[in-house]
Structure formats: structure tokens, C-alpha cells
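Data block below; observations after.
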Protein chains: 2
Amino acid sequence: MKKGEKTKNLILAQSLQLFSKNGFSGTSVRDLSSSVGLRESAIYNHFSSKKAILAEIFEKFGQSTAGLNLLDDELINMLNKPQKFMQTFSEKLLRKWGDIEEIHFFNLVLKENGTEINGIKISVNSLLEDAQKVWVMIFTEMTNHKFIKKGSPEIFANEFIAPLFFIRMKFLLDEDNIDLKSAIKQANEHTEFFWESIKR
Amino acid sequence: MKKGEKTKNLILAQSLQLFSKNGFSGTSVRDLSSSVGLRESAIYNHFSSKKAILAEIFEKFGQSTAGLNLLDDELINMLNKPQKFMQTFSEKLLRKWGDIEEIHFFNLVLKENGTEINGIKISVNSLLEDAQKVWVMIFTEMTNHKFIKKGSPEIFANEFIAPLFFIRMKFLLDEDNIDLKSAIKQANEHTEFFWESIKR
DNA sequence: GTCTATAAGGAGATAGAC
DNA sequence: GTCTATCTCCTTATAGAC
């Protein structure tokens, strides 16, 4: 990181927090600068406009990984034990979702859903669809290797992911009431229930 | 409805639409009045403040029914046919969710999640929890009457509702891309899949 | 890179005529 | 109930000194 980027990153971090709490329109450059400890005008030394800050937040956090980065070797080697695989993955995913920056970003996406930024529409849907695609792949693989029973990988993916998103909304949305423990517990219950439906 | 309430209701309707699209902070009284066809000051003849409009929107739409009002006699008499019951209910629920005012209100709740209004916190969670409670009751009933297999009604409720919310987010969130047909199709697939897990 | 000062317009809200 | 006119404060953003 360049030396001069320190303040810029501080502005980005504070912006993410404030935007996620009060929305883009609900946050003034004044709010923002005072939370960083600068004057308003100093902000414009790092960003050309308020909207440019939002754009850069989405550049930084916006490339949804849909949990793809969680698929390390340890997990891949578990593909032949689907229940263990799903349980391990869920827990990793929820821990990632429980991270304060992830929570802020998710809240921001919910608040700014539909807003256009640099010609790209902010969309909750894209988050859901990305996750779905990954799991269609995984269940296709599992079906091909006969680790699970025959069936539509699309339906399997929906049925597996939907409750995880539900859990995220219930336990990992309000930063003052993060309940990772309950989230993981409920995810385990889900995986167990789901496994009964897809085991051979 | 009183005679003088006509304009007031028009203001409420337009506000719901604009707030849901641009957020509360992103909508000015000016935007609002011009969309109604009045001057700003005329708004204050019906509401004491901009915030009072938001409050009244939540009074009008806010009492989540969680689908309770969908439980008519026709449905209640189907309790002994759980699959048919769930399928009929889902379709009714999705049709309700596909209503343009419901979509606007849901988007508003997502945008203003966490905002306090008259001391009450706007919360997506309360929507989820309300729905969950209703279905815990239903599955308890079904279990007691041995229409479905033994199991935790709470888990059954989560597993049944979560995919419906997922479907709502996917097909009934963006008012310019409402896809009720796909929503109902996917809900039927879900019900069928879920039924296999809970039938005796 | 941050400061002070300032521009130019938008915000919510009120007063009083019709 | 709606209008015109107006108030006061806040908003994003820029200019130029240090």
C-alpha cells in the first residue's frame, strides 16, 4: 500500500459503515469527514465526489465470491462425504458472513438495491444467483459421482442455499445483534435435515 | 373514507412508491409533491412532517399478517392433505407478494431496515419471524394429527419458509422484472421436494 | 494533504393570501 | 386545501492559503 493511501482507506472504511447504517443519501460528506477526523474539503483530495466513494466501495467488496474462495483443498477432498462437506462449508460461510465488514456490505447492498453506479445496477439478486451457480456445480459433481441421489442440481442448490440466506438475514444482519452461534446451530440443523433428502 | 382523505391517500401511495425506490432520505418533499401534482406546502396540510408520512405508511402496511389472512376455510380444510395445503398456500402467498404495493413495501423495509420510527425499529427480521411463527403452529398441528412424520416443527417451518423468501427475493423484488410464473413454478418444485422430506 | 472561506443550490418547514 | 413567498439550515463541491 502506498503511503498516501492510508487516509483514503480510512475514508472508505468509515463510508462503508455509515452508508450501511444510514444509506448513501442519508450520509453527508460532513458526517463522513467528521467520522474520519477531517474537514469536508479534505475528502475531495482523495475522491472526486461522494458517489465516487460508493463506487470504490463496490469495486473493493463488490466482486461477489459467492463463497468460491472458501473451497480450499481441505473442502474439495470432502466432496465424497457430502454431509460433512456441506456442514463444513456452511460454517465457513457463516463465519465469513459474520465478519463485520461483510455485514456492512450486505446491509449496503440491501439499502442500495436497484441504485445504478457507473452504469451497473446494485442488486441483491446477483448475490443469490452467484451462490446458486456455485452450488449447482457442486451438486452436479456429487450426482455424477453418485455421492448423492439422482435429482435436479438446480433444485438441490436452491434448497440448500435458501435456508442459509434465511439464517443470514435472521442472525447476521443487525450488527448490534450478531448471533453467530445460533446461526451455525441452525445451519447444522438445516444440513442434517437436507442431507436426509438427498442421501442415496 | 372521508371526502378530504382522497389527497392524503394519494400522497401516501406516491410516497410508498418513491420511498421504496429512492429511500426515505433519497426522496424530498419536493419530489413527492410534484409526483402528486401539488406544491410542497400543500403536503403539510395533510402531514405534520416528512417523517409522519413514513410513520403512516408503516401504520397502514406495517402490521405483518405473515400470510395469516390467507388461511381461509378452503385452506384450513386441506390441513389433512399437507402437500396440497402447502402448494395452495405458497401460490396464494406468492400472488400476494407479487402485488405491486407489497413489492414496494418490502423494498421499503429492506431499505429502511434498522431505522427507528416512533420508537419502533423497522426490521426485515420481524417479517421473517412472523411467518415462522405461523408455520410452527401449522406444522405442530400437522404433526399432532399425524399428517406428517415426527420432527421439530421449528425446523420444518424454517425449511419450508426459507426457500419461499428466497424465491421472493429472486422473482418478486424488482418491480420492473416481476416473474410470478417462475416464482410459482419454483415454489411448486420446492413444495414437492420438501414434501418428500416430511411425509410419513 | 489539510486547512479556511465561500459558492450555489436543495432541504424541510412555516406564514398568510385566496 | 392549495397557492406564493420566504426562512433557515444543510448539501455537495471548489478556490486558494499554508
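Note that the structure is predicted; figures quoted are calculated from it, not measured. Numbered from 1 within each chain, the chains take letters A, B, ... in sequence-line order.
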### Task
Check every strand shown and say whether Thr27(B) touches a base, only sugar-phosphate, or nothing at a heavy-atom separation below 4.0 Å.
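Sugar-phosphate, no base atom in range.
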### Query
Below 4.0 angstrom from OP1 or OP2 of dT11(D), is there any side-chain N or O of Ser28(A)?
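Checking dT11(D) against Ser28(A), a side-chain N or O does come within under 4.0 Å of OP1 or OP2.
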### Query
Who passes salt bridge (charged side-chain N to carboxylate O under 4.0 Å, His left out) against Lys92(B), sequence neighbours left out?
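Lys92(B): salt bridge (charged side-chain N to carboxylate O under 4.0 Å, His left out) contacts with Asp72(B), Glu74(B).
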### Query
Considering residues at least two apart in sequence or located in another chain, which fulfil the salt bridge (charged side-chain N to carboxylate O under 4.0 Å, His left out) criterion with Glu196(B)?
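Salt bridge (charged side-chain N to carboxylate O under 4.0 Å, His left out) list for Glu196(B), sorted by chain: Lys199(B).
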Atom [atom1] of [X] and atom [atom2] of [N]: how far apart are they, to the nearest Å?
{"X": "Phe47(B)", "N": "dG1(D)", "atom1": "CZ", "atom2": "P", "result": "12 Å"}
{"X": "Lys50(B)", "N": "dC10(D)", "atom1": "NZ", "atom2": "P", "result": "15 Å"}
{"X": "Tyr44(A)", "N": "dA13(D)", "atom1": "OH", "atom2": "P", "result": "4 Å"}
{"X": "Asn45(A)", "N": "dT14(D)", "atom1": "CG", "atom2": "P", "result": "12 Å"}
{"X": "Phe24(A)", "N": "dT12(D)", "atom1": "CZ", "atom2": "C1'", "result": "10 Å"}

### Query
Is the NZ atom of Lys84(A) crowded by more than 12 outside heavy atoms at less than 6.0 Å?
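Open.
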### Task
Determine the interplanar angle of the Trp97(A) and Phe165(A) rings, folded into 0 to 90°, and report it as parallel if under 30°, tilted if 30 to 60°, perpendicular if over 60°.
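Ring orientation of Trp97(A) relative to Phe165(A): tilted.
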### Query
Would you call the rings of Phe160(B) and Phe139(B) parallel, tilted or perpendicular if under 30° counts as parallel and over 60° as perpendicular?
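Answer is perpendicular, since the angle exceeds 60°.
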### Query
Looking just at side-chain N and O atoms, do Thr191(A) and Asn188(A) make a donor-acceptor pair shorter than 3.5 Å?
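Looking only at side-chain atoms, Asn188(A) and Thr191(A) do not form any donor-acceptor pair under 3.5 Å.
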### Query
What parts of residues 29-42 of chain A reach DNA chain C, counting only heavy atoms under 4.0 Å away?
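Here the set is Leu38(A), Arg39(A), Ser41(A), Ala42(A).
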